[in-house]
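Proteins get letters first, then strands, A, B, ... in listed order; numbering begins at 1 in each.
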Amino acid sequence: MAYDFKAIETKWQKRWAKDQTFRAKQPQEFEGDPKPPFYVLDMFPYPSGAGLHVGHPLGYIASDIYARYKRHKGFNVLHPQGYDSFGLPAEQYAIQTGQHPSSTTEINIEGCLDNKGKILDKYVEDNGKIKNSALIDKSKETCVDEDHYQSNVIKGYRKQLDKIGFSFDWSREVRTSDPNYYKWTQWIFIQLFESWYDAKAQKSKSISELVNIFEKEGNIIVDAAADEDTTSFSASEWSTFTDDQKEELLLNYRLTYLAETEVNWCPALGTVLANDEIVKGVSERGGHPVSRKKMKQWSMRISAFADRLLRGLEDLDWSESLKETQRNWIGKSVGAQLKFPILPFPKGKENTKPGYMTGGNNAYTLIEKAKENRNQPTEAEKTLWIQLRGKKLSGYKFRQQHLIGDYIADFVCLLKSLVVEVDGEYHNETKAYDEERTQFLNKKGFEVIRFKNEDVIGNIDEVLEKIKTKLDKLPAYTKMAKPSEESKVKPLSIGEGQGERIIEAFTTRPDTIYGVSFITLAPEHDLVSKITTLDQKEEVDAYVKASAKRSERERMADVKTISGAFTGAYAEHPHTKEPLPVWIGDYVLAGYGTGAVMSVPCGDQRDHDFAQHFGIPIPNVFEGIDISKEAYTDKSNATKIANSDFLNGLGVLEAIPKAIEALANMGQGAKKINYRLRDAVFSRQRYWGEPFPVYYINGLPKMIDEKHLPLKLPEVEKYLPTEDGAPPLGRAQEWAWDTEQHQVVSNAKIDHKTVFPVELNTMPGWAGSSWYLFHYMETENRDQHIASKENLDYWNNVDLYIGGSEHATGHLLYSRFWTKFLNDKGVFPVDEPFKKLINQGMILGESAFVNTFTIVFTVDDKENNNNLKETPKVLKVLLSNDLGDLNIKKREYIESDYISNEIEKIIQKAEEICEFENKNQSDKNGQIVYMGLTNVKRRVDVSLVNTSNELNLDGFKTSPFGKEFKDAKVIYNESGKLLVSREVEKMSKSKFNVVNPDDICEEYGADSLRLYEMFLGPLEQAKPWSTAGLSGVHNFLKKLWKLYFPPNSQGDEGQDFVVSDEHASKESLKILHKTIKKVTQDIEDFSFNTSVSTFMICVNELTQQSCKSREVLEPLAVLISPYAPHIAEELWELLGNTTSISEVDYPVFEEHYLKEDSKTYPISFNGKMRFTLDLSLGLSKDEIEKIVMAEERTQKQLDGRTPKKVIIVPGKIVNIVG
RNA sequence: GCUCGGAUGGUGGAAUUGGUAGACACGUUGGACUUAAAAUCCAAUGACCAUUGCGGUCGUGCGGGUUCAAGUCCCGCUCCGAGUACCA
């Protein structure tokens, strides 16, 4: 009987589904002690409409083999599957067509075909056209009466997976876009909102606990993860805050919070773009300009968990490289945060009259403004100034438009610290600002009196009287010279404000502090606009604008172009007090550290490049190191610090703590641990994602009570952002929360009393995928909890997780974060989600290219005086690839009198072979006068190419991209074939190199596909797919089948199943046990490719031995069943068993079958193997040496020389040196 | 740029972790069977030299090194791939 894989595979797939063979048991289902649990999970797939290609199932096959193996080993295996079904592609399609993303998702999962492979009626229009939504290639109209219409119809993820024979427990399927599922995503969000992080205890705690602490001791003592700019307050201050103020403060502590974050904003599309949606500064779709913009969004305080996420890696069985990637992503660095005061005036413009210098450290920018104000006073100001100037008012000296801190006071009497302000109507609208200003001035010790414009103009005398009375009452301050005493006496002193405006910079090398020669800020840094001098404003503004257009990645990747701008401002070196120029440069990123760098050109290459480019000095702080060409970035302790005052002669290790100590004593620095890990932005301006269970009162977020979840996605009429730039949910008519009815109501009802607007953003893709593994543990009561305690305790976490390395930092970090958080909250019993993790490598496609060229020419028809240049002729040619490369540059135009050799050859060949259509004409009427020749390799669909790289010409000419070659001339190779060239690339639709697993299953069967995917190479390595190689594993399965259906003596195909109960031969048992040993070891090591080879060797040998013994053939079927389950089940049944093979005990390896008593020794001379020698393993070293030396071939090799040394490793090798 | 991988015949890959380089397949060539093809079976297949046979030289991206012995360890490069925070 022939191996009928189709019948066998359909039979067993049906049987498994019917019997629920792979349903995992819950712990309570066992009578007595439950079997040990084993949880095998694949990374959550997104069900894309393009369907599976052969790369997708690779990881699933590996995990399936492992899951099946573990069942044989006696485990209760949980191997579920589901869909991460929220996401951009469905949304994109919704925007284009208006089709609801939920139905797109549904189609992508379920497919459009019935069980017989016929399209379902609901996807066919009356005229026979298949609805666009059911098509893979939407641009290709497809009708049901076409022959192979199925090839362009979405098969559905589930149907495709089912064909490969996975042992998934589908009864536990989840979908992130299902409201019953995202109810729990929303629930987790609320838990995060209601929590803060106790950094001392390293634990998330309830926010009410934090409120208790604030009530008792304010926020000064507690060590909580919080926003950097959180102000300190005492318990009594807390008690004076309004509820809204308290709420606002608590947002600084919540584990999910609203904050301004930078995004890539595309005004034309009205949306935020991912870095990879931006190409060369413009949007990938449409090429619209993109700029960086701040936006208020939800963030997750993952940074609080940085240290735990880092330490947790130690105990995980993940690859070292993946752990390293996460370590780098978290990016812990120990260093110091330093404060550099900004000098009030630029170098050389220092004010020489310190007594009047009441301005802050950006005085020089405001002073220009003040001058302007002085020159253009308002009517009232002018009136008052006439009365105040020149000590007119009882001898008090007034100054007009004078700087105090960052403010310009209208009039000020410094002696009495009195400010006189004249307000116009304008000030009514800026009351809050005025109050803030008054508060500031009061703090500085100034009294402020205000007058209205009309008071000054209408009643100047009364105003002057009021001022005079006030002045008389106030005490006079005298100018003091010493700054230290001044502060006691006079509220405003020399350099007041110094240190108030500072640049904070994090550095890992505080020991190189004396090497700092400038400061560089990120162009987005808040200080930039405040400190830039008027002279530099234009340049700085232009630079900031230009860098806002570049994406972060672009800025990081581009190190060749050094760019920057000088702000005109100076900061002060903490030790030398020298002024340091403050620059901006886009090599400094706002999101890293403080967005400011203390630039040490001698110790950092980027700083060095920058300094060299802009001619900034490069002081050297390394003893005996030449830094003229490049920076010295070595951290070797042997190198001593020089030119650094108290740090001289120290190595890095001693210098760092000493440098920090000195700075700390000055109050200008402290040791700091910095993490590269940034808080994760959690808002998306999209429709197809989880809605936030949040509504807003007074602009402050409130959580919807968890008993009213899920908050379901509202319907919208379009999936685009609104015209005024709000996210798509801004289009929903019913998107308001009624706090009394506890339900979503119409927006019209918003009254800000009981009905409030609901959050318009949705959650990102990683929300639903960060906890899904735990929901698979629950079957019965999914509406009551993520999973019951009993189930969580039984299954714990994932024992084996397989997926692509693209998730290394995103998904894997976020789900670890959520697991740790929910562990803190007592929801999960574990604090890591995935114990062991394997990254499968990518399967690459083999793209095909046909060599084409186009000759453009005109014929100079002199006789008829026709200028045919206007209507050039075009000749298209297809050239078999093996005829060689043409090596002709694109668009190289050649005059008729100069045709290069190569082109001439082509033309000649074209003429000869293709019957050059214009040859006669050119002979008769003139000559070819103008030619263009374009040589292009064109992509062709791999389905049009066979395994010998021959192009199906008819197919090509009718394909959409081959149409233009309909009348092309073809140059075949000598065997009359048209060959294409191949190139290995990522497998993708756009490259026309996709191989569909359905087709493979159809032609070779699922077992062949499974074996071949494994056989291709190591699981973790990227490897190219080549369908040609499949016949090897397919042949193997046929050979395996033949072992049980042996051919008759004439070699004819065996019709009968023949298995004998006689004992197997020693050799057969030996190869069986060799196979058991190797395959078991391979599965444990995830080396599936080598186990397939081992099976092949085993079957080859057993065939040779004509082994028919049940003693060998029965365990062989079990061994192979994880890899090729269908054929194994069939053979198992033929062997007389009535139950599934899936839980049969795995064969036990017995060492004694492998006992060898001799070994074929390689005999080497100077390390080179010359011949082999069979020797007994019982021999001693001396005996081996004796035998080897006596060997004739040894003497021949030595050729009379005496060996210097003979190295013998018993059981391994003999090496003779000499 | 940074981080992490990788490089072995015509192709995918193997090599018990320092001990016979190229297992197992694909492909190719030759042969058997067949009217023929397919299927199947057998043989050869790293390159070069030699060939009646025995054999010899080179060879794991490149350049060095350690060792009796290096694809494997060390130092210095080259090239290719992946990730880089809103694709999933």
| message | Considering every strand and a 4.0 Å limit on heavy-atom distances, what is the contact class for A/Gln685: base, sugar-phosphate, or nothing? | response | base
| request: Under 4.0 Å between any heavy atoms, over every strand shown, what does A/Glu91 touch: base, sugar-phosphate, or nothing? Just pick one. | output: nothing
| query | Sequence neighbours excluded, which residues qualify as side-chain hydrogen bond (donor to acceptor under 3.5 Å, both in side chains) partners of A/Gln326? | reply |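 Listed in chain order: A/Arg816.
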| Dot-bracket for RNA chain B, 5' to 3', counting Watson-Crick or G-U wobble pairs under 3.5 Å, with [ ] for crossing pairs and | for inter-strand pairs? | (((((((..(((......[....)))((((((.......))))))((((.....))))..(((((..]....))))))))))))....
| When rounded to the nearest Å, what value does the distance between C1' atoms of B/rU84 and B/rG76 take? | 28 Å
State whether [X] places a side-chain N or O below 4.0 Å from either non-bridging phosphate oxygen (OP1 or OP2) of [N].
X         : N      : result
A/Lys1038 : B/rU40 : yes
A/Arg1170 : B/rU57 : yes
A/Asn1100 : B/rA25 : yes
A/Asn1035 : B/rC26 : yes
A/Asn1089 : B/rA14 : yes

| Considering only B/rA69, B/rC26, B/rC24, which nucleotide approaches the side chain of A/Ser1031 most closely? |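 Shortest atom-to-atom distance from the side chain points to B/rC26.
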| query | Under the rule syn = chi within 90° of 0, otherwise anti, which is B/rG22? | reply |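 Classified anti.
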| ring pair (Phe, Tyr, Trp, His ring centres under 6.0 Å) against A/Tyr83, all qualifying residues, sequence neighbours excluded |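 With sequence neighbours excluded, A/Tyr83 shows a ring pair (Phe, Tyr, Trp, His ring centres under 6.0 Å) to no residue whatsoever.
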